[in-house]
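For reference, the structure discussed in these notes is given below.
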Amino acid sequence: MRTITFKDALNEALHQEMARDDRVFVLGEDVARMGGDFGVTMGLLRKFGPDRVKDTPLSEAAILGVANGAAFCGLRPVAEIMFADFLTECYDQLVNNSAKAHYMFAGKVKCPIVVRTATGAGFRAAYHHSQNVEAWFMNVPGLTIVAPSTPYDAKGLLVGAIRDDNPILFLEHKMLYGTSGEVPEELYALPIGRAEVKRPGADVTIVASMKMVHHSLAVADELDREEEISCEVLDLRTLIPFDKETILESVARTGRVVLVNEAPKTGSLNAELAATIIEEAFDALKAPVQRVNALDCPVGFAPAIEDYVVPRPEDVARAVRAVVDY
Amino acid sequence: MTVPKEQLLDFYRKMVLVRRFEETVEEYSKKGYVPGFIHLGVGQEAAQVGAMASFQEGDYVLPDHRSHGVCLMVGTPVTEVLAEIFGKTTGCNKGRGGSMHIADFARGNVGNNAIQGSTLVTACGLAVASQIRRTGAVTFIFFGDGTVGRGEFHESLNLAGVWKLPIVYVLVNNGYAISTRATDAHPLEDLAEMGCAYNIPGVTVDGNDVEAVCAAVGEAAERARRGEGATIVELKTYRWQGHFSGDPASYRPEEEVRAWKERCPLKATRKKLIDRKWATAEEIAAIDAAVEKEIQEAVQFAVDSPTPTEKDAVAHVYVGREVAGK
């Protein structure tokens, strides 16, 4: 099969889905003429014209307002918020309007929007261009959070998200844009809410997402080769609502769990996953659940600081050994 | 401006309906029939009725925080609006929205909202949808003077200015944001002037003169329908009660309240009808009696209607995804 980058897979998803469904349109800062800060919307303006590919002012609340209002009218907007850190500027729109409209108006309106945004550390871009924001939105019933880790998933999940009738926050880890993988040329959608077993294993369940999936797979290979520890790696793909069944099924077999998430530890996705596992699979556990997170610090600028704050592969390996040696 | 006889009679009937609706909501709130907060528009009837005279089938409206009257003017039956405020399943949102979240999508009411200013950007989305589909629809967004301080107001105007969006900004300036005077919160006496920063014309009219309101909003709506973009129409009026029902509003001088009550929009319209010999005192009394009958029937309907049950709590959080109950 053909190999393309994560960024090009997203771009192809938009091209193909916009050609298939004329209700889909794209808006955001620099998405039209420039093709997006990371190039994800490249070529859309030329193909679909200014009605369906809109550059906006620096007005994140208005970007979300346009998305919500147009979605209420039956269109399917894909809004780009250039960096996830900027979601604070439209937090009210997402939390109080997008997420609640369907519920408070008794199911008489839908808000099928996708909010694409670049998340994650590693770019040396410091405090306001590097954060992992999923925990800010986890406590908001009505919102769905999708976070692919491979080009194949990026394309299929973006198409799946556009076709979903719920508001979806679509997280794109900026360190993955340049990664490559096999992606079918034809249009396909992947289901929202399903995790994937990226690597089967018997001793330890590692649950990760986005860039942390790649850290986890590298650690799993290394520990298998050098220490005869067999790790199963699950890629959540949808963070909220997460695929509880797949996680619990794996934990029931391994009894040992390492959770890997790039956001600060306190109140993180890992906290929710750990609580769920303890609540529902306590008897299966052979060791305390281990969480590998960023430190409870901002993402600093100096490379040594940034690299120390976010999880490294050796942090994952240490946690795996801890649950095995317990 | 003078409207035709039949229209002024219709305005009068509608203003009486809104007045009696609000008084009835307050009465039944005090009796314990209405859950939660209510914000009454007594005194602002001319602004609501006169502005909504330009609302046509296919248009969109976003009522403000004090606009049961606007919801009625959309054409939603009085029974359904009152039942919604009473929290009954026969309400237009099945009792899930209440006074602060009344929508009727089939008739173009996209819902009021309890985050002041939040829907100013939703208006842009409705307008973008009608622009993309070339429907010629106009979006009416109602908001108060306090909302002018919100960032969304400026993001919305900026976008509407640059994209020439078909929006009528109905700025209901009743002089106070809860206790804070508009003149203490904003640097202009006539807030419509803020439009000039965004190349959006603004007009300020007497919001208690239903004919003046009708003329100003009508002109703005026609401008929007011609594709010439947005207008701010500021309607200077006054709320007779406190911010919410039960707020004694001791922050306002008594003589100010008294003076504005003298300028009652219903009284002024009655006087016009009599002076122009368009109605006799008896004919006016007959209108009042007919409205009273409609109100009392709606009260009976709302009182007799069932309330939502516990099992309704987890419905409509997501489209197509279940949320667990207790």
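Here is how names work: the chains are called A, B, and so on, in the same order as the sequence lines, proteins then strands, and each is numbered from 1.
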Open item on the list: Side chains of A:Asn166 and B:Arg321, heavy atoms from C-beta outward: is any pair under 4.5 Å?
Closed with: yes
Task: Exam field: side chain A:Asp165 to backbone B:Val319, donor-acceptor pair closer than 3.5 Å - done: no
Task: Interface residue of largest heavy-atom contact number with chain A, from B:Ala315, B:Pro308, B:Ala106, under 4.5 Å - done: B:Ala315
- [ ] Could you tell me which of B:Gly91, B:Ala103, B:Gly320, B:Gly95 has the largest number of non-hydrogen atom pairs under 4.5 Å with chain A?
- [x] B:Ala103
- [ ] Identify which of A:Asn97, A:Asn96, A:Asn68, A:Leu27 forms the greatest number of heavy-atom pairs closer than 4.5 Å to chain B.
- [x] A:Asn97
Task: Leading residue by heavy atom contact count with chain B [cutoff under 4.5 Å; candidates A:Arg52, A:Lys110, A:Lys54, A:Glu89] - done: A:Lys54
- [ ] Ignoring hydrogens and angles, tell me if any N or O in the side chain of B:Tyr60 forms a donor-acceptor pair with the backbone of A:Gly69 under 3.5 Å.
- [x] no
- [ ] Answer yes or no: are there more than 12 heavy-atom neighbours, outside A:Tyr91 itself, under 6.0 Å from its atom OH?
- [x] yes
TODO: Could you tell me whether a side-chain N or O of A:Lys108 sits under 3.5 Å from a main-chain N or O of B:Cys92, the two making a donor and an acceptor?
DONE: yes
Open item on the list: Nearest 0.5 Å, please: how far is CD in B:Glu155 from CD in A:Glu60?
Closed with: 7.0 Å
- [ ] Could you have a look at A:Thr56, A:Leu58, A:Thr144 and say which one has the most heavy-atom pairs with chain B under 4.5 angstrom?
- [x] A:Thr144
TODO: Would you indicate whether A:Arg163, at its atom CZ, is surrounded by more than 12 heavy atoms from other residues, nucleotides or ligands within a distance under 6.0 Å?
DONE: yes
TODO: Count the heavy atoms of every other residue, nucleotide or ligand shown that sit under 6.0 Å from CG of B:Asp312, and state whether that count exceeds 12.
DONE: yes
Open item on the list: Please check: side-chain N/O of B:Arg133 versus main-chain N/O of A:Cys73, any donor-acceptor pairing under 3.5 Å?
Closed with: yes
TODO: Select one option (side chain, backbone, both, neither) describing which atoms of A:Leu143 are under 4.5 Å from chain B's heavy atoms.
DONE: backbone
Open item on the list: Strictly less than 4.5 Å between heavy atoms, which residues of residues 111-129 of chain B line up against chain A? Please order them by number.
Closed with: B:Gly111, B:Asn112, B:Asn113, B:Ile115, B:Ser118, B:Val121, B:Thr122, B:Cys124, B:Gly125, B:Leu126, B:Val128, B:Ala129
Task: Interface residue of largest heavy-atom contact number with chain B, from A:Ala101, A:Gly142, A:Gly74, A:Pro241, under 4.5 Å - done: A:Gly142
Task: A:Arg33 atom CZ, neighbour heavy-atom count above 12 within 6.0 Å - done: no
Task: Whether over 12 other heavy atoms sit under 6.0 Å from B:Phe301 CZ - done: yes
Open item on the list: Given heavy-atom pairs under 4.5 angstrom as the criterion, report whether the side chain, backbone, both or neither of B:Ile102 touches chain A.
Closed with: backbone
Task: Interface moiety of B:Tyr318 toward chain A, non-hydrogen atoms closer than 4.5 Å - done: both
Task: A:Phe105 six-ring face occupied by B:Arg96 cation (under 6.0 Å, within 45°) - done: no
Task: A:Asp21 atom CG, over 12 foreign heavy atoms within 6.0 Å - done: yes
Open item on the list: Can you give me the closest heavy-atom contact between A:Val66 and B:Trp163, atom names plus distance?
Closed with: CG2-CZ3, 4.5 Å
TODO: Determine the option with the most heavy-atom pairs under 4.5 angstrom with chain A, choosing from B:Gln131, B:Glu152, B:His154.
DONE: B:Glu152
